[in-house]
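Atom set for the values below is all heavy atoms of this structure, side chains included, hydrogens, waters and symmetry mates excluded. Along the sequence shown, residues are numbered consecutively beginning with 1. Atoms within each ligand, like the ligands themselves, are counted from 1 in listed order.
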Amino acid sequence: MLRDDALKGKTIVITGGGTGLGKAMGTYFLKLGANLVITSRKGDVLQKTADELEKETGGKVLAVTCDVRDYEQVENVLAETLKTFGRVDSLLNNAAGNFISPTERLSANAFSTVIDIVLKGSVNCTLAFGKHWIKEKQAASILNIVTTYAFTGSAFVVPSACAKGGVLAMTRSLAVEWGKYGIRTNAIAPGPFPTKGAWERLLPGDLAEKFDFKNRVPLKRVGEHQELANLAAFLVSDFSGYINGEVISIDGGEWLQGAGQFNGLEAIPNEMWDAFEQMTRSAKGS
Ligand code: HXC
Ligand code: NAP
């Protein structure tokens, strides 16, 4: 979507960058000329992705093992990034933990685990990188991956909904507070984009067939990873330099489909509309 050198000279850190959507976004950033740092807990997965992406794109990828729940490990990612690339321009908070469960079945620790990864992890990374940029008086950008249920809430993924809602609040708050330092903070709210990590935990067994996401989407399909990567690349690039505090949904219209009171009328066959029109035209009121 963007021209070939759109991210040239930029160093971008993606948490959870070894798999799924983080990997897809990282691949495109590299193709656009960025240096990439990917982090997550599993060093072997990270290194494999780093090797694969360097080979595919010819770019430079640094893999740093880090559990985002641990502030010291996050500070180490920053230190390793500076050691290798000399600077860092963008942080993409993408790491997440999630699984479906009736809330009453969750232990307190299960609830905290998701909050700690998603909300606390995003806070830890934002704080460490933000402090650095403010100290260095360097313009930068933060991009947070939330979900559309950060606006609406959602049953059966309540810890994730609470955490993503918190990340959205942080996005809008820091856009204002850190704008004066030249730090832009934005978010993307993806709808369904099939990944192994998400589908195994959110649609296990035959749920993937029974609860086929594409049936909920007005465009009647799930998202393609490149579509998300296009939007993310734009938001970390200088082409979006005046966008700050925004959350952009990329979901084929899914969440609005669930929200509009009369959207269910989609189920009415076309041939029935003549009869309904007659009835509504002849309505006299009381
Ligand atoms: C109930 C569960 C559970 C489950 C774990 N727990 N899985 N409880 N149902 N399915 C409980 C455990 O019993 C434990 O509580 C606590 O949660 C912590 O579990 P651990 O396995 O020790 O945690 P950890 O190893 O840190 O793993 C974190 C995880 C795991 C979140 C549980 O799934 C993970 O690593 N996820 C990372 C990747 C991921 O989730 N990707 C999907 C993102 S998708 P007790 O009380 O027993 O100690 C996404 C998309 C949203 O966010 C929108 C899609 C459309
Ligand atoms: P994924 O492949 O499972 O990605 C999650 C990543 O987070 C993994 O690479 C995982 O790596 C990392 N991670 C988990 N816990 C971590 C921790 N404590 N510290 C550091 N890294 C950790 O799933 P995905 O679908 O690509 O999700 C990526 C993002 O998109 C998430 O924020 C998710 O909420 C969001 N999202 C996805 C969808 C979708 O349809 N797929 C929809 C809306 C939003 P390790 O296990 O190696 O740590």
Nearest-option assignment for [atom], heavy atoms, candidates [options]:
| atom | options | answer |
| --- | --- | --- |
| atom 14 (C) of ligand 2 | A96, P192, A163 | A96 |
| atom 30 (C) of ligand 1 | R41, R216, R201, E200 | R201 |
| atom 49 (C) of ligand 1 | N98, L21, D67, D116 | N98 |
| atom 10 (N) of ligand 1 | F99, W199, F111 | F99 |
| atom 17 (C) of ligand 2 | R41, H225, R201 | R41 |
| atom 18 (C) of ligand 1 | L202, N94, T148, T113 | T113 |

Considering heavy atoms of the protein only, find what lies nearest to atom 43 (C) of ligand 2 and give residue, atom and distance to 0.1 Å.
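Protein heavy atom with the smallest distance to atom 43 (C) of ligand 2: P190 O, 3.3 Å.
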Among protein heavy atoms, which sits nearest to atom 22 (C) of ligand 2, and what does the distance come to when rounded to 0.1 Å?
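Heavy-atom neighbour on the protein nearest atom 22 (C) of ligand 2: A95 CB, 3.7 Å.
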Should the proximity of S107 to ligand 1, defined as any heavy atom under 4.0 Å, be assigned to the side chain, the backbone, both, or neither?
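The answer is the side chain of S107.
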Can you tell whether the side chains of R184 and E246 come within less than 4.0 Å, N to carboxylate O?
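A salt bridge is absent here (no side-chain N lies under 4.0 Å from a carboxylate O).
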Would you please indicate yes or no on a ring centroid separation below 6.0 angstrom for Y181 and W133?
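Not close enough - the centres of the two rings lie 6.0 Å or further apart.
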Any heavy atom of K164 sitting closer than 4.0 Å to ligand 2?
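So K164 counts as touching ligand 2.
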Of all the heavy atoms in T39, does at least one lie under 4.0 Å from an atom in ligand 2?
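Per 4.0 Å heavy-atom rule, T39 does not contact ligand 2.
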Considering only heavy atoms of G20, which atoms of ligand 2 have at least one such atom less than 4.0 Å away?
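Listed by number with element: 2 (O), 26 (O).
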Does Y149 have a heavy atom less than 4.0 Å from any atom of ligand 1?
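Yes.
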So for K42, does at least one of its heavy atoms come nearer than 4.0 angstrom to any atom of ligand 1?
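Checking ligand 1 against K42, which is what was asked, there is no heavy-atom contact under 4.0 Å.
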